[in-house]
Amino acid sequence: MKARVHVTLKDGVLDPQGKAIHRALETLGFAGVRDARQGKVIDLELDGADESDARQQVDRMCRQLLANTVIEDYTIEFV
């Protein structure tokens with residue numbers, strides 16, 4: 001079973017990398033981009049076939065290691 005975790009900064013948290021991406025896109029002539037936010041994707045390969053158990057396990061991974069839940073949100077999807 002494969003899980004994909006998307007980690008992004010919470011709304012209101014400053015994102016200097018996102019701002020740098022936004023400025024670079026403008027410099028390259030890409031008009032119409034209002035904002036850019038940067039995040040990370042973590043792909044996990046898991047043993048087992050029970051999605052409910054896997055979701056609980058990945059959620060614990062996120063809370064304990066993969067995301068800083070004070071400033072970051074995360075979503076889990078199974079692919």
Distance (rounded to the nearest 0.5 Å) between [X] [atom1] and [Y] [atom2]:
X     : Y     : atom1 : atom2 : value
Leu9  : Lys40 : CG    : NZ    : 9.0 Å
Arg4  : Thr75 : CZ    : OG1   : 10.5 Å
Asn68 : Arg63 : CG    : CZ    : 14.0 Å

Residues that Arg37 engages under salt bridge (Lys or Arg N to Asp or Glu O under 4.0 Å), provided they are two or more places apart: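 Arg37 satisfies salt bridge (Lys or Arg N to Asp or Glu O under 4.0 Å) with no other residue.
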Considering non-hydrogen atoms only, spot the tightest contact between Ile76 and Arg55 and give its length.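 Minimum heavy-atom contact is O-NH1, 3.3 Å.
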Could you please spell out the steps behind the side chain to side chain contact (heavy atoms under 4.5 Å, CB included) verdict for Asp43 and Lys2? CA-CA 7 Å; Asp43 288 329; Lys2 293 184 181 184; over 6 Å; no
If you draw a 6.0 Å radius around CD in Gln17, do more than 12 non-hydrogen atoms from other residues or ligands fall strictly inside?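 Incorrect, the count does not exceed 12.
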Is it true that atom CG of Leu28 has more than 12 heavy atoms of other residues, nucleotides or ligands lying nearer than 6.0 Å?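 Buried by this count: over 12 neighbours within 6.0 Å.
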Cluster question for you: counting only ILVMFWY and a side-chain heavy-atom cut-off of under 4.5 Å, with indirect links fine, are [X] and [Y] together?
X     : Y     : value
Leu65 : Leu46 : yes
Leu44 : Phe78 : yes
Phe30 : Ile21 : yes

What salt bridge (charged side-chain N to carboxylate O under 4.0 Å, His left out) pairs are there with at least one residue in residues 6-34, not counting sequence neighbours?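 For residues 6-34, and leaving out neighbouring residues, the salt bridge (charged side-chain N to carboxylate O under 4.0 Å, His left out) pairs sorted by first residue read Lys19-Asp35.
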Trace of the side chain to side chain contact (heavy atoms under 4.5 Å, CB included) decision for Ile42 with Met61: CA-CA 11 Å; Ile42 302 161; Met61 292 176 191; over 6 Å; no
With side chains defined as the heavy atoms from C-beta onward, is the minimum distance between Tyr74 and Val58 less than 4.5 Å?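 A side-chain contact under 4.5 Å is absent here.
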